[in-house]
Amino acid sequence: MTDLDLDNDTVRDFDEMWFHHSGQLVTMRNISPKRAAATSLALLRRVFADDRAFQSWLIRKGLPASDAM
């Protein structure tokens, strides 16, 4: 895995970030995969709140683009 370049939208892979962070939570915190995925997505929403590439990714995944669920 390469270093995360926050200034270059083309190298961001939100699927990979979500998958790996969720996996870490399952392993380190011993929580269910569903809860880990929700927790990880909440963190991604906070970190990338103003990122248009992230908003586009949410839409492509069929997820609400805002925090209001």
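All residue numbers in this chain count up from 1 along the given sequence. The figures that follow rest on heavy atoms only: side chains count, while hydrogens, waters and symmetry mates do not.
Minimum interatomic distance between Gln55 and Phe48 (heavy atoms only, all atoms of both residues): NE2-O, 4.2 Å.
Here CD of Glu16 is found 4.0 Å from NE2 of His20. Values are rounded to the nearest 0.5 Å. Ser22 OG to Leu44 CG: the interatomic distance, rounded to the nearest 0.5 Å, is 8.0 Å.
Arg35 and Thr39 are not linked by any side-chain donor-acceptor pair at a separation below 3.5 angstrom, with hydrogens and angles left out of the test.
Partner Arg29 forms a side-chain contact (heavy atoms from CB on, under 4.5 Å) with one of Leu25, Thr27, Val26 and no other, that one being Leu25.
No continuous path of ILVMFWY side-chain contacts below 4.5 Å connects Ile59 to Phe54, so the two sit in separate hydrophobic clusters.
Not one N or O on the side chain of Ser40 forms a donor-acceptor pair closer than 3.5 Å with the backbone of Ala36.
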>> Assess the residue pair Phe19 and Asp15 against the criterion (side-chain contact (heavy atoms from CB on, under 4.5 Å)); give the C-alpha distance rounded to whole Å, side-chain angles, the decisive distance to 0.1 Å, and a yes or no.
In response: CA-CA 6 Å; Phe19 176 79; Asp15 285 320; over 6 Å; no

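The shortest distance between side-chain heavy atoms of Lys61 and Ser56 does not fall below 4.5 Å.
Ring geometry for Phe14 versus Trp57: interplanar angle of 30 to 60°, hence tilted.
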